[in-house]
Amino acid sequence: MSESRRQRAVITGAGDGIGRALAVQLNQRGIDLWLCDIDQARLEATKELLSRTDCQVDLAVVDCGSHVDIESWAARISAEIDELDFLFNNAGVAYGARFEDVSFDNFEWLININFWGVVWCTKAFLPLLTKSPASHLVNLSSIFGMIGVPTQTAYNAAKFAVRGFSESLQTEYRGTTLKVTCVHPGGIATNIARRARMDGGDAATVTADERDESFRKIAKTSPEKAADIIIRGTLKGKKRIIVGLDAWFIQTVTKFFPTGYQALTARLGQGDDVVV
């Protein structure tokens, strides 16, 4: 890699939340960006927040639940550059339903984005990452990738899978120039609850605004703070990054009560649906 070349980063789900905050902070560090989101307007809003005009910013509308979309996007980028320094697999959605009420269309929708999107992007960009003399693959799991929660069978399944996928890659690329990081955020104040899909329970009566208001009461970490923690941990080559005091608390509880914690989380299912 030429010393004069700026570092390059790909971020999925960059139109909002943690993805947007990552884009802003990486741009401030002078890193060229390739950003995708399913919503063009949100991407354009992210670009407006980028202060460094001397850095490249490339936008693409991509459905991270579509293998075809991801392959096409990665192929275009691969035709432009021969090395990639960072891949942030950030795109994610939420779906709340007790399993007996689950719609398999919605279950599959979430799995395709939250798990397969990570796998497909990793596979597509791996050749570029491995050509960089020092690269980072950063996969967003969740603290729900460490504990099981009522109404979150799809989300839990995807985030546990991202964790397992990432930790396996860590062993495969141990001692190489590619560092693999798995991120486990707690409640981050994003729009994920507002855009969540719901089935059963109060799905027909609870509005998106009500879900968002309820979620933000417990989501104490800002996207900007989360992005700062993620970037600093990534640059240190950390294998696991825990984001938020709530996530740290939950991780600690699971260490001492690896199955006993379920007596506490089961109570969540006695009230409103949980949306993370």
Asks: Are Leu87 and Phe165 connected in a single hydrophobic cluster, I mean Ile/Leu/Val/Met/Phe/Trp/Tyr linked by side-chain heavy atoms less than 4.5 Å apart?
Replies: yes

Asks: For Lys239, is there an ion pair with Glu167 - N to carboxylate O distance below 4.0 angstrom?
Replies: no

Asks: Show every ring pair (Phe, Tyr, Trp, His ring centres under 6.0 Å) that has at least one partner inside residues 47-85, sequence neighbours left out.
Replies: His67-Trp120, Trp73-Phe125

Asks: Applying a strict under-4.5 Å side-chain criterion to I, L, V, M, F, W and Y, I'd like to know whether Ile77 and Leu178 cluster together.
Replies: yes

Asks: Could you walk me through whether Phe88 and Ile230 pass the side chain to side chain contact (heavy atoms under 4.5 Å, CB included) check?
Replies: CA-CA 10 Å; Phe88 292 89; Ile230 292 167; 4.1 Å; yes

Asks: Has the side chain of Asp246 got a donor or acceptor atom that lies under 3.5 Å from a matching backbone atom of Gly187?
Replies: yes

Asks: Roughly how far, to the nearest 0.5 Å, is CD of Glu71 from OG of Ser78?
Replies: 9.0 Å

Asks: Flag the pair Arg42 / Ile38 as yes when at least one side-chain heavy-atom distance between them is below 4.5 Å, and no otherwise.
Replies: yes

Asks: Quick one: side chain to side chain donor-acceptor pair (under 3.5 Å) partners of Thr122, sequence neighbours excluded?
Replies: Asn89

Asks: Checking Thr171 side chain against Ser168 main chain: does a donor-acceptor pair fall under 3.5 Å?
Replies: yes

Asks: Is Pro185 close to Thr221 at the side-chain level, that is, under 4.5 Å between some pair of heavy atoms?
Replies: no

Asks: Over 60° means perpendicular and under 30° means parallel, so tell me whether Phe86 and His136 are parallel, tilted or perpendicular.
Replies: parallel

Asks: Shared ILVMFWY cluster between Ile250 and Ile192, side chains joined below 4.5 angstrom?
Replies: yes

Asks: Determine the minimum heavy-atom distance between Val183 and Val243, stating which atoms define it.
Replies: CG1-CG2, 3.8 Å

Asks: To the nearest 0.5 Å, what is the distance between CD1 on Ile231 and CG on Leu235?
Replies: 7.5 Å

Asks: Under the 3.5 angstrom rule, does the side chain of Arg216 hit a backbone N or O of Thr190 as a donor-acceptor pair?
Replies: yes

Asks: With heavy-atom distances below 4.5 Å as the criterion, would you say the side chains of Ser103 and Tyr95 are in contact?
Replies: yes

Asks: Assigning hydrophobic clusters by single linkage (Ile, Leu, Val, Met, Phe, Trp, Tyr; side-chain heavy-atom cutoff under 4.5 Å), is Phe144 placed with Val93?
Replies: yes

Asks: By the definition side chain to side chain contact (heavy atoms under 4.5 Å, CB included), identify the one residue from Asp69, Val62, Ile70 that meets it with Ser66.
Replies: Asp69

Asks: Looking at Tyr261 and Thr254, what are the two nearest heavy atoms and their distance?
Replies: CD2-CG2, 4.2 Å

Asks: What heavy-atom pair brings Ala9 and Leu26 nearest, and what distance separates the two atoms?
Replies: CB-CD1, 4.0 Å

Asks: Okay, side chain of Gln170, backbone of Val180: is any donor-acceptor separation there less than 3.5 Å?
Replies: yes

Asks: Working to the nearest 0.5 angstrom, can you tell me the gap between Asn139 CG and Ile241 CD1?
Replies: 11.0 Å

Asks: Give a yes or no answer on whether the side chain of Arg8 reaches the backbone of Leu84 with a donor-acceptor pair at less than 3.5 Å.
Replies: no

Asks: Is there a side-chain contact between Asp199 and Val102 in this structure, where contact means two heavy atoms from C-beta onward sitting under 4.5 Å apart?
Replies: no

Asks: How many angstroms lie between NZ in Lys220 and NZ in Lys217, if you round to the nearest 0.5 Å?
Replies: 9.5 Å

Asks: Are more than 12 heavy atoms, taken from residues, nucleotides or ligands other than Glu213, located less than 6.0 Å from that residue's CD atom?
Replies: no

Asks: Less than 4.5 Å apart, any side-chain heavy atom of Val206 and any of Met198?
Replies: no

Asks: Taking the side chain as everything from C-beta on, heavy atoms only, tell me whether Arg52 gets closer than 4.5 Å to Arg29.
Replies: no

Asks: Between Asp101 and Gly200 (side chain of the first, backbone of the second, donor and acceptor by atom type, cut-off under 3.5 Å), is there such a pair?
Replies: no

Asks: Would you give the length of the straight line joining atom CD of Gln25 to atom CZ of Arg232, rounded to the nearest 0.5 angstrom?
Replies: 9.5 Å

Asks: Go through the steps for His184 and Gln251 under the test side chain to side chain contact (heavy atoms under 4.5 Å, CB included), then give the verdict.
Replies: CA-CA 9 Å; His184 297 273; Gln251 182 197 36; over 6 Å; no

Asks: In sequence, state the C-alpha distance, the side-chain angles, and the governing distance for Ser141 and Lys159, and then conclude on side chain to side chain contact (heavy atoms under 4.5 Å, CB included).
Replies: CA-CA 5 Å; Ser141 177; Lys159 295 304 186 178; 3.7 Å; yes

Asks: Taking all non-hydrogen atoms of both residues into account, name the closest pair between Gly15 and Asp37 and its distance.
Replies: N-OD1, 3.0 Å

Asks: Could you tell me the separation between the OG1 atom of Thr130 and the CG atom of Leu128, rounded to the nearest 0.5 Å?
Replies: 8.0 Å

Asks: Hey, mind stepping through Glu83 and Arg5 against side chain to side chain contact (heavy atoms under 4.5 Å, CB included) and telling me if it holds?
Replies: CA-CA 10 Å; Glu83 297 175 358; Arg5 176 176 77 75; 3.0 Å; yes

Asks: Using modelled atom types and a 3.5 Å cut-off, is there a donor and acceptor pairing between side-chain atoms of Lys179 and backbone atoms of Tyr173?
Replies: no

Asks: What's the shortest heavy-atom distance between Ala91 and Gly13, and which atoms?
Replies: CB-N, 3.7 Å

Asks: Has Arg6 got a side-chain atom pairing as donor or acceptor with Asp54's backbone, closer than 3.5 angstrom?
Replies: yes

Asks: For Glu44, enumerate each residue passing the side chain to side chain donor-acceptor pair (under 3.5 Å) test, keeping only those at least two apart in sequence or located in another chain.
Replies: Gln40

Asks: Does the Asn27 side chain pair with the main chain of Ser51, one donor and one acceptor, at a distance under 3.5 Å?
Replies: yes

Asks: Can you find a heavy atom in the side chain of Ile188 that is under 4.5 Å from one in the side chain of Pro223?
Replies: yes

Asks: So which atom in Ser132 and which in Asp85 form the shortest heavy-atom distance, rounded to 0.1 Å?
Replies: OG-OD1, 2.8 Å

Asks: Quick check: does any side chain N or O of Ser166 sit under 3.5 Å from a backbone N or O of Val162, one acting as donor and the other as acceptor?
Replies: yes

Asks: Run the numbers on Asp39 and Arg195 for salt bridge (Lys or Arg N to Asp or Glu O under 4.0 Å), then give the verdict.
Replies: CA-CA 13 Å; Asp39 187 293; Arg195 301 188 183 119; over 6 Å; no

Asks: Let me check something: do Leu245 and Phe215 share a hydrophobic cluster, defined by ILVMFWY side-chain heavy atoms less than 4.5 Å apart, either directly or through other members?
Replies: no

Asks: Is there a side-chain contact between Phe107 and Phe99, using heavy atoms and a 4.5 Å cut-off?
Replies: yes

